[in-house]
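Notes for the one structure printed next.
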Amino acid sequence: MPILRRSSKASTRRARLTRKNLLQAIGEGLAEEMRADDTVMVLGEDVGKAGGVFRLTEGLMKEFGPLRVMDTSLAESLIVGAAIGLSVNGMRPVAEIQFADFIPPAFDQIVSEAAKFYYRSNGAWNCPITIRAPYGVVHGGALYHCQSVEAWFCNTPGLKVVAPTFPADAKGMLKSAIRDPNPVLFFEHKRTYRLIKEDVPEDDYAVPIGKAKVHREGTDLTVVSYGLMLYTVLQVAQKLSEEHSIEAEVVEPRTLYPVDKETILGSVKQTGKFLGVSEANLTGSVSAEIAAMVAEEAFEWLDGPVKRLGAPDVPAAAFAKPMTDFFVPSAEKIEATMLELARY
Amino acid sequence: MPILRRSSKASTRRARLTRKNLLQAIGEGLAEEMRADDTVMVLGEDVGKAGGVFRLTEGLMKEFGPLRVMDTSLAESLIVGAAIGLSVNGMRPVAEIQFADFIPPAFDQIVSEAAKFYYRSNGAWNCPITIRAPYGVVHGGALYHCQSVEAWFCNTPGLKVVAPTFPADAKGMLKSAIRDPNPVLFFEHKRTYRLIKEDVPEDDYAVPIGKAKVHREGTDLTVVSYGLMLYTVLQVAQKLSEEHSIEAEVVEPRTLYPVDKETILGSVKQTGKFLGVSEANLTGSVSAEIAAMVAEEAFEWLDGPVKRLGAPDVPAAAFAKPMTDFFVPSAEKIEATMLELARY
Amino acid sequence: MDVTGERPKHKALGLEDGDLLRIYRYMLLARRMDERMWILNRQGKAAFVISGQGQEAAQVGTVYHMRPGKDYVYPYYRDYAVALALGQTARDQFLSLLAKKEDPNSAGRQMPGHFSSRELNIVTASAPVGVQYPQAAGTALAFKIRGEDGVVLVCGGEASTSQGDWHEAMNFAGIHGLPMIFLIENNDYAISTPKTMQVAGSIAGRAAGYSFPGIEVDGNDVLAVYEAAKGAFERARQSEGPTLIEAKTYRLTAHSSDDDDRRYREQEEIEQWRLKDPVIRFERYLEEVELLDPEKKEEMAAQIQAEVAKASKYAEEAPFADPEEVLQGVYAQG
Amino acid sequence: MDVTGERPKHKALGLEDGDLLRIYRYMLLARRMDERMWILNRQGKAAFVISGQGQEAAQVGTVYHMRPGKDYVYPYYRDYAVALALGQTARDQFLSLLAKKEDPNSAGRQMPGHFSSRELNIVTASAPVGVQYPQAAGTALAFKIRGEDGVVLVCGGEASTSQGDWHEAMNFAGIHGLPMIFLIENNDYAISTPKTMQVAGSIAGRAAGYSFPGIEVDGNDVLAVYEAAKGAFERARQSEGPTLIEAKTYRLTAHSSDDDDRRYREQEEIEQWRLKDPVIRFERYLEEVELLDPEKKEEMAAQIQAEVAKASKYAEEAPFADPEEVLQGVYAQG
Ligand SMILES: Cc1ncc(C[n+]2csc(CCOP(=O)(O)OP(=O)(O)O)c2C)c(N)n1
Ligand SMILES: Cc1ncc(C[n+]2csc(CCOP(=O)(O)OP(=O)(O)O)c2C)c(N)n1
Ligand SMILES: [Mg+2]
Ligand SMILES: [Mg+2]
C-alpha cells in the first residue's frame with residue numbers, strides 16, 4: 001500500500017511528522033485553521049453531530065459549537081450561497097457538499113456567483129470560500145456517489161479547482177484554499193480517504209495552489225494524473241522501471257484550474273511523450289485541456305501522439321461490482337498504454 | 001453579409017427555397033413539428049403571449065393554445081424538470097431557456113436526470129426532450145447575456161449537444177432534435193439570429209445530429225469553428241484564398257457532443273494543420289477536446305501544433321462596447337493565426 | 001385507529017375486508033423483506049441497504065388508491081411498500097439489492113431502492129434528493145394537456161422539501177391546478193439532521209401558501225393515511241388540483257447500512273416510536289374487527305416468510321450482468 | 001395614505017418633517033433620473049435601460065431604516081432608489097448606464113442596475129434571478145454567529161420567488177431566526193408573464209409556513225411600507241428573526257428598453273396604475289400635512305432636475321475603460 005514518493009525539499013525541512021491517511025490530514029488541516037482563525041467555519045449536511053458521512057469533521061462541533069460547525073438543511077444551493085454571503089460579511093466558510101455528485105443544485109451559485117463576484121464588482125467584493133467535495137468511484141456507490149465532475153468547473157475563470165491526492169499536500173492545500181481570497185473547489189477522492197497514508201507535518205505549513213508536483217522523474221514519457229488513478233500510475237511506473245527499465249515521469253497537477261502549464265510543459269519537453277490519466281468520463285475531461293495545451297505548446301518536442309485514458313463515456317460506475325471494476329481504467333490498461341507510448 | 005457556402009448535395013435536391021434568417025428558420029421548424037405532431041409542445045419564460053424575448057415563438061400560442069405553448073414561472077429547474085416529466089408521459093417538449101447564461105439552475109435536471117434516465121433504467125425510460133438556449137456575445141448583453149456555456153455539457157454521456165450556425169441546418173437539426181429519443185441541448189448564437197440569412201427549404205427535411213459539415217474545402221489547414229466565429233472564419237478563409245492563395249478547409253461540427261470525429265480527422269489528415277476557433281473562454285472549451293482528439297488520433301499527419309483561439313479566460317464580455325469587442329476573437333487575430341499556421 | 005361509531009372505520013372509507021387484508025399483506029411483506037435485506041448485509045452479501053421500516057403505512061395507505069400502469073408514481077428510496085403495492089415483487093427488490101442482471105429497476109446499475117417500471121408507470125428514481133418534484137409536475141401537466149384523468153403521486157422525505165425543486169414544483173402545481181399528490185414521509189431525520197434543523201414551520205402548513213390543501217396525517221395509521229389520500233386522489237381526478245400530504249412517521253432503522261445512528265439519536269427515542277409501529281398497529285385493528293386471529297396471522301406470516309426466503313434465494317443465485325454491459329445503453333436508438 | 005386621527009401618520013411612526021422631505025427627495029430623484037435614462041436610450045446613447053419607475057415607495061420606505069455601511073443589502077436591478085437612499089448618487093448610476101470606467105458598480109462590466117458598493121455594504125448584484133437570497137441568508141448568519149445586531153435586506157421581484165433559491169433561503173432563515181428582511185416588490189409582471197401565471201396563492205401568506213411573519217403592504221404608499229419595515233427591522237435587530245414584506249406595486253415602464261409591453265398588456269391597465277403613482281401620492285400627503293407647497297415643490301424639482309442634468313452630462317463625457325481592462329481582475333490577490 002505505501003508507495004514510493006520523492007520527498008520534496010520542503011517536507012525534509014519540516015520537523016515533526018506523523019503518519020496520517022488522507023481523511024485525517026484534511027480533518028486536521030480544517031481544525032487547525034479553525035483554531036487559528038475565528039472566522040473559519042464549516043457548514044454542510046450532517047457535518048455537525050454526526051461528523052460528516054465520512055467522519056471527516058468528527059469532533060469539530062464539540063470543539064467549535066453548532067454555529068461554526070453548522071448542520072444545514074438539505075439544499076446545496078443554499079449551502080454554497082450562504083457560504084458566499086458569510087464570506088462577504090467577514091467569515092471564511094468551508095462548505096461541504098456531501099458527494100460531488102450533488103454539486104449540481106449549487107452550480108449556479110458556484111459558476112455564476114462565487115466565480116464572478118470579484119470581477120463583476122471590479123474588485124470591490126471578493127469571495128473567499130472553500131467548497132469541499134468527495135468525488136470518484138467507490139464500490140457500492142453506483143451512479144450518484146462515484147462521479148468525477150471536475151471538468152464542469154474548469155472552464156470558469158474566477159474559480160480555482162484543486163484535487164490533491166496525498167495527505168500532506170491535501171492538508172497544506174486546504175490551508176491555502178481557506179486563506180485564498182478566491183473561491184476554491186476542493187475535490188477529495190473518497191476511495192483514497194483511508195487507502196493512502198503518509199507522513200504529514202505536524203507544524204503549520206501551506207502548500208501553494210497552482211503548482212504541480214513531480215512525483216517521479218523519468219525520461220521516457222510524462223504521465224499526468226491525479227486521485228486514485230495517480231496512485232495506480234505510480235505503482236505501474238515503478239513496475240515498468242523494474243521490469244522494462246522504462247522511466248516514466250509522473251506529474252500530479254494538484255490544481256486542475258488554472259493548471260500549472262510550466263511544470264507539465266517542462267516535463268513533456270524532456271520526455272517527448274504525454275499521457276493523461278483520470279477517472280472521469282474521457283471525452284471532455286480535464287485531460288483534454290492538458291493534452292491540447294501540450295500538443296499546442298510542446299508540439300515540437302513531441303515524439304508521439306498525446307494520449308489519454310479515462311472512464312468510458314457512459315454515465316457512471318454501476319452498483320454491481322463487476323461493472324464498476326470494468327468502468328475504472330485498470331492498472332493493466334494503464335501499463336499497456338504507458339508501455340506502448342514509451343516504445344512509440 | 002451573405003457569405004459563400006458550398007451548397008450541399010442534399011440542398012440542391014430540395015425544391016422550394018426561401019430566404020430566411022436563423023431566427024425565422026428555427027421558429028418555422030418548431031411550428032412545423034408542432035403541426036405534424038400533437039405531442040410536440042413548447043414551454044419556457046415569456047414564450048407565449050410575448051412570443052419569446054427574441055420573438056422566436058411568436059404566433060405559436062395563438063395557433064396551438066396556452067397549454068401547448070406554455071408561459072412558465074421563472075424557474076429553470078422546473079422548466080427542464082417538467083419537460084422531463086412531460087416526455088415520460090407521451091409528450092415531446094421543447095423547453096426554452098431564455099439565455100444560456102440561465103441554464104445553471106437547471107444543471108441538475110439536465111446532467112443528473114435527463115442524461116441518465118435511459119441508462120439508469122436499463123432502457124426502460126427515455127427522455128426525448130429538446131432544450132433550446134441562445135448563447136454567445138451580443139453588444140449590451142454584458143456578463144450574463146453573453147456566455148458560451150457549451151463545455152459544461154460536453155462531458156456528460158447520455159446528452160447530445162448541438163450548435164448549428166446556419167438557418168437551413170438549424171431548422172433541420174431542430175427537427176432531428178425533437179424527433180430524437182434522447183435529450184438534446186440546442187444552442188443558438190443570438191447575435192446571428194438576424195445576421196445570418198440563407199435559402200431554406202420549405203418542405204419537410206431533417207439534418208442528422210452527429211454529422212459535421214465541410215463548408216469550404218482546402219488543403220493548407222483545417223479550421224473547426226461554430227457560431228458567430230464560424231461566420232468570421234469563413235470570411236477570413238475567403239480573404240486568405242484571394243490574397244495569399246491559402247486554402248483553408250473549414251469544418252463546422254454542428255454537433256458538439258458527441259462530436260463527429262471522422263469528418264474532423266479526415267480533414268486534418270489531408271491538411272496536416274488544425275485550428276479550433278470558438279467564442280467560449282479558451283481554457284477548458286470544446287475546442288480543447290477536439291484539439292486533443294486530433295493530436296491523439298491524427299498525430300502522424302500533423303505538420304504543426306494544434307492551435308486554438310477563443311475568448312480570454314475572464315468571466316465574460318462586458319457591458320462597455322470597447323471591452324466587449326476586445327473580448328471576442330477578432331477577424332484580424334483569426335487571420336493572423338490562420339496565416340501563421342498555414343505557413344508553419 | 002379506533003373502531004368507533006356504528007361501523008368500523010374501514011367500512012366508512014369504503015374498504016372491504018379483502019382490501020384490508022391486501023393492505024396488511026403489502027405492509028407485512030415490505031417489513032419482512034426489509035428485515036431480510038439487513039441480514040444479507042450482515043452476511044456480507046448485500047453491499048448497501050436502505051430501508052423503509054416504519055413508513056409502510058404512509059406508503060400503502062396512499063398508493064392503494066392508484067391505478068397501476070395508468071397513474072404515475074415518482075417514488076423515493078424508502079418506498080419499497082409503494083413498489084410492492086403497485087405490483088413489483090420481493091424478488092425484484094432482492095435482485096436490485098444484490099445488483100443482479102435481472103434487477104428490473106436498473107439491471108444492477110443503481111443502488112437498491114431506486115425503483116423503475118415502465119409497465120407500472122414507476123418513473124426511474126434517482127439519488128439526488130428533490131429532483132423528482134418538477135418531473136412529477138410535468139407528468140401531471142401532460143395529463144391535463146390531454147384532458148385525461150390520470151394522477152401523479154410523488155414521494156419524498158421531509159428533507160427533500162428543503163430543496164428548491166420542491167418549491168418550484170409546488171408553485172407550478174398550484175398555478176396550473178395539476179392532478180398530483182405530494183406525499184411527504186416525514187420521518188424526523190435526514191441522515192443525522194433532525195427535523196427542527198431541517199424544516200422551518202410546518203410542511204403541510206405550507207400548501208396554503210400555494211393555494212391548495214395540505215394535510216397532516218398520522219403516518220403510522222394506515223387508515224388515516226388512506227382517508228387523507230382518498231380525498232386527494234378524488235380532487236386530482238376531478239381536476240380540482242394538487243394536494244400535499246405530510247405523513248408524520250419515524251425512520252426505525254439507521255439511515256442506511258453505512259450509517260451508525262448512535263452518533264446522533266437516543267435508543268430511547270427509537271423505542272418510543274417502536275410502540276407506534278404501523279404494522280403492529282394495523283394488526284391490532286384487524287384483530288379488533290375480527291379479520292385477523294392468531295391462526296390467520298400465523299398463516300400469513302408463514303406465507304410471507306416463505307415468499308421472502310424464496311425471493312432472496314433466487315436473487316442470491318442469480319447472475320451478475322457481464323462487466324462489459326456497463327458500456328451499453330447510453331443513448332436510446334430510433 | 002390619509003392624514004387621520006389627531007396627528008399625521010408620519011408623526012405616529014416617529015418620522016420628523018426632515019425625514020419626510022428626505023424620503024420625498026430620494027423618490028423624486030430616482031424618478032427623474034430614471035426618466036432621463038430613457039431619454040439617453042432614445043438618443044442612442046444608452047444601450048440598455050432597466051427601470052424602477054413605480055417602485056420608489058416600496059424601496060425608500062424600506063431602506064430608510066438601514067444603517068449604511070453596517071447593515072447589508074442585496075438589491076435587485078430595479079432598486080435605484082435603494083442605492084440612492086443608501087448614499088450612491090445619480091452620477092454613479094449614469095456612469096453605470098453608459099458603461100464608463102468610473103462606474104462604481106462594475107467599471108462598465110455589468111448592465112445598469114447591478115449595484116455594488118463595498119463602503120455602503122451593497123453586495124454586488126447579479127443578473128440571474130433569485131441567487132441573492134441564499135447569499136443574504138449567509139450574510140445574516142454571520143451577524144448571528146458574531147452576536148452583532150446587523151440586519152440584511154434582500155430584494156427581488158415577485159418572479160424571483162418562483163426560484164428554488166428563494167425557498168431555500170426562506171426555510172434557512174426560518175430555522176435559524178436570521179436577522180433579515182425579504183422585500184418582494186410585486187409589480188404584477190415578470191417581463192410578459194402576469195402574476196397569476198407566476199405565483200400560486202400569496203407570497204406574503206407563505207411566510208407563515210416558514211414560521212415567521214409575512215406582511216402584505218400597499219407598495220405605492222411609502223408610509224405604509226415604512227411602517228411595515230419598521231417592525232421588521234426592529235424584530236431583526238432584537239434577534240426575533242426574519243420578516244417577509246410583499247409590497248404590492250406596479251411596473252410603470254416596459255420591462256426594459258428591449259421590451260415592447262404592448263404585446264402583453266393593455267394601455268388602460270397602465271393608466272389605472274398611473275393614478276396610484278407613489279411619487280404623486282406622497283406629494284399629496286406632503287401637501288396635506290403642509291410640508292410641500294407649490295413653491296417648495298418647484299424648488300425641489302428644479303434642484304433635482306439640475307442634479308440629474310449635471311450627473312448625466314458628467315457621465316456622458318466620462319471616458320470608457322481601456323478595452324484591455326476587460327482582462328483585469330479575474331482573481332483577487334493576497
Ligand atoms: C442533492 C442531494 N444531496 C445530498 C444527498 C445525500 N443524502 C441522501 S439521503 C439524505 C437525507 C434525506 O433525508 P429525507 O429527505 O428526510 O429522507 P429520509 O432519508 O429521512 O427518508 C441525504 C442528505 C443526496 N442524495 N442528494
Ligand atoms: C435565472 C434567470 N432566468 C431568466 C432571466 C431573464 N429575466 C430577467 S428579469 C426577468 C423577469 C423578472 O421578473 P420579476 O422577478 O417579477 O422582477 P421585475 O422585472 O418584474 O421587477 C426574467 C425572466 C434571468 N435574469 N435570470
Ligand atoms: Mg427524513
Ligand atoms: Mg415583477
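Note that the structure is a prediction, hence the values are computed from the model and not measured.
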*Given a strict heavy-atom distance threshold of 4.5 Å, which part of C/E119 is in contact with chain B: side chain, backbone, both, or neither?*
neither

_Side-chain (B/Y119) to main-chain (C/Q328) donor-acceptor, under 3.5 angstrom_ = no

_Counting only heavy atoms from other residues, nucleotides and ligands, does the tally under 6.0 Å from NZ of C/K144 exceed 12?_
yes

*Is it the side chain or the backbone of B/L74 that comes within 4.5 Å of chain C heavy atoms, both, or neither?*
neither

_Atom group of C/R118 that falls short of 4.5 Å from chain B, counting heavy atoms_ = both

_Heavy-atom pair count under 4.5 Å with chain C, highest-scoring of B/V88, B/N126, B/I84_ = B/V88

*Could you give all pairs that pass the ring-ring contact (aromatic ring centres under 6.0 Å, His included) test and reach residues 74-109 of chain C, with sequence neighbours left out?*
C/Y80-C/F115

*Enumerate by number any residue of residues 151-168 of chain C whose heavy atoms lie under 4.5 Å from heavy atoms of chain B; in the absence of such residues, state 'none'.*
C/D165, C/E168

*Let me know if C/N121 has heavy atoms under 4.5 Å from chain B in its side chain, its backbone, both or neither.*
both

*Answer with side chain, backbone, both or neither: which region of C/I175 has an atom nearer than 4.5 Å to a non-hydrogen atom of chain B?*
side chain

*Which of these passes side-chain contact (heavy atoms from CB on, under 4.5 Å) with B/R120: C/R109, C/Q110, C/H114?*
C/Q110

*C/P128 and B/D108, any side-chain heavy atoms less than 4.5 Å apart*: yes

*asked:* Do B/Y118 and C/V330 have side chains that approach each other closer than 4.5 Å (heavy atoms only, starting at C-beta)?
replied: no

*Relative to chain B, which segment of C/A125 carries a heavy atom at a distance below 4.5 Å: side chain, backbone, both, or neither?*
backbone

*Could you tell me which portion of C/Y331 (side chain, backbone, both or neither) has an atom closer than 4.5 angstrom to a non-hydrogen atom of chain B?*
both

_Heavy-atom side-chain contact between C/Q132 and B/E113 under 4.5 Å_ = no

_Given heavy-atom pairs under 4.5 angstrom as the criterion, report whether the side chain, backbone, both or neither of B/A83 touches chain C._
neither

*asked:* For the residue pair C/Q135 / B/Q109, report whether a side-chain donor-acceptor contact shorter than 3.5 Å exists.
replied: yes

*Which pair of non-hydrogen atoms, one from C/V123 and one from B/F117, has the smallest distance, and what is that distance?*
CG1-CE2, 3.7 Å

*Quick one: what part of C/I122 sits under 4.5 Å from any heavy atom of chain B, side chain, backbone, both or neither?*
backbone

*For the atom pair CG (B/L86) and CG (C/L141), what is the distance rounded to the nearest 0.5 Å?*
5.0 Å

